[in-house]
Number of protein chains: 2
Amino acid sequence: MNDDPHHTLSATSDDRSPDLRAEAFQGVRAARSRELAEDYVELIAELIHAQGEARPVDIATRMGVTAPTVAKTLDRLARDGLITRAKYRSIFLTEEGRALAKECRHRHDIVLRFLLSLGLDPETAERDAEGIEHHVSERTLELFAAFVARS
Amino acid sequence: MNDDPHHTLSATSDDRSPDLRAEAFQGVRAARSRELAEDYVELIAELIHAQGEARPVDIATRMGVTAPTVAKTLDRLARDGLITRAKYRSIFLTEEGRALAKECRHRHDIVLRFLLSLGLDPETAERDAEGIEHHVSERTLELFAAFVARS
DNA sequence: GCGAAATGTTAGCCAAGGCTAACAATCTGC
DNA sequence: GCAGATTGTTAGCCTTGGCTAACATTTCGC
């Protein structure tokens, strides 16, 4: 797997070409730029389900940010076609937003259940899942799901 | 594990208090703000090991960004005490930078080996590890390491 | 050792995602 | 139905992390 005789840095030293490496980082950056939108859409879907509507104040509370930050982010989501909103009214997901929410929920669920299967306590599992879910490829997700099913 | 009779949203519905939820997101945001610094420091350590020195041009190539972006980021790292640099000279890690690099390398290794143990192909494993490593708690890391050792 | 190529820096632009302060609208209780 | 509380918006500021264009320095080839 690795015939570097030195082996000093690590047992999994990264000998990929700089280009491949650069691609990986670009992928990570792309994922990062989607993360916030995914978190919002997922939360909005949840609020609509749980309370019948999604209000900025509830989003702010649950995201741990201030109301103006929520307003600005919601404007971006609307611009990007994920939600619709009217002044002083609660928020609705577009078809596209609902699709994204569903997909995120699915990924979140699998990651969370995977971590729980490994034996992680629920609170840490929830925290880690929140961060990890946006960085898991389709292939990895399948492996996680298979592991959960097997356990 | 979950006695919610509805069970309509998901098998792992999130009934944490809004405050706990907000904390989780704050943690994720904190992790995000550290990510770039960690990636740079890790890469700088690697370059120093592999080539004897870390030059901005190599960082730019491997991170997939332009030279001015690297320059600006390096200024922030210097401001934050992770590296030292002189104009037109190559980059050095401070004691603190070296410690961070070591820690990151360790986390990266475990996550990567864990993904490989699950049966993921090396290229995808490397890509996913890059994104995941910053969002894995100490507890989770231990579980990953234990899994690798067991397999 | 000089000129060209490679590398590094500076200036200035942009968008995202935070914040506070100030104001506007809606909702609630009486 | 109005006053006060709650909620929502707007304006303006900041940092981060991207970019291009322009310029400065260093290094390399000969």
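Chain identifiers are assigned alphabetically (A, B, ...) following the order of the sequence lines, protein sequences preceding nucleic acid strands; residue numbering begins at 1 within each chain.
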Under 4.0 Å between a Lys/Arg side-chain N and an Asp/Glu carboxylate O for [X] and [Y]?
{"X": "B/Arg21", "Y": "A/Glu130", "value": "no"}
{"X": "B/Arg105", "Y": "B/Asp109", "value": "yes"}
{"X": "B/Asp58", "Y": "B/Arg55", "value": "yes"}

Parallel, tilted or perpendicular: ring planes of B/Phe114 versus B/Phe147, cut at 30 and 60 degrees
perpendicular
Would you compute the distance between atom CD1 of A/Ile83 and atom CG of A/Asp75 and round it to the nearest 0.5 angstrom?
7.5 Å
Measure from [atom1] on [X] to [atom2] on [N] and round the result to the nearest Å.
{"X": "A/Arg89", "N": "C/dT26", "atom1": "CZ", "atom2": "P", "result": "6 Å"}
{"X": "A/Lys87", "N": "D/dT10", "atom1": "NZ", "atom2": "P", "result": "4 Å"}
{"X": "A/Arg85", "N": "C/dT26", "atom1": "CZ", "atom2": "P", "result": "14 Å"}
{"X": "B/Glu53", "N": "C/dG8", "atom1": "CD", "atom2": "C1'", "result": "13 Å"}
{"X": "B/Glu35", "N": "D/dT15", "atom1": "CD", "atom2": "C1'", "result": "17 Å"}
{"X": "A/Leu47", "N": "D/dT7", "atom1": "CG", "atom2": "P", "result": "14 Å"}
{"X": "A/Arg55", "N": "D/dG8", "atom1": "CZ", "atom2": "C1'", "result": "10 Å"}
{"X": "B/Ile83", "N": "C/dG8", "atom1": "CD1", "atom2": "C1'", "result": "14 Å"}

A/Tyr88, nearest nucleotide to its side chain (from C/dT7, C/dA25, C/dT9):
C/dA25
For nucleotides 11-19 of chain C, read 5' to 3', which letter fits each nucleotide if B means a protein heavy atom sits under 4.0 Å from the base, S means only the sugar-phosphate is that close, and - means neither?
BBB--SBBB
Just by modelled atom types, is the B/Val28 backbone N or O under 3.5 Å from a matching donor or acceptor in the A/Arg127 side chain?
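Side chain of A/Arg127 to backbone of B/Val28: no pair is present.
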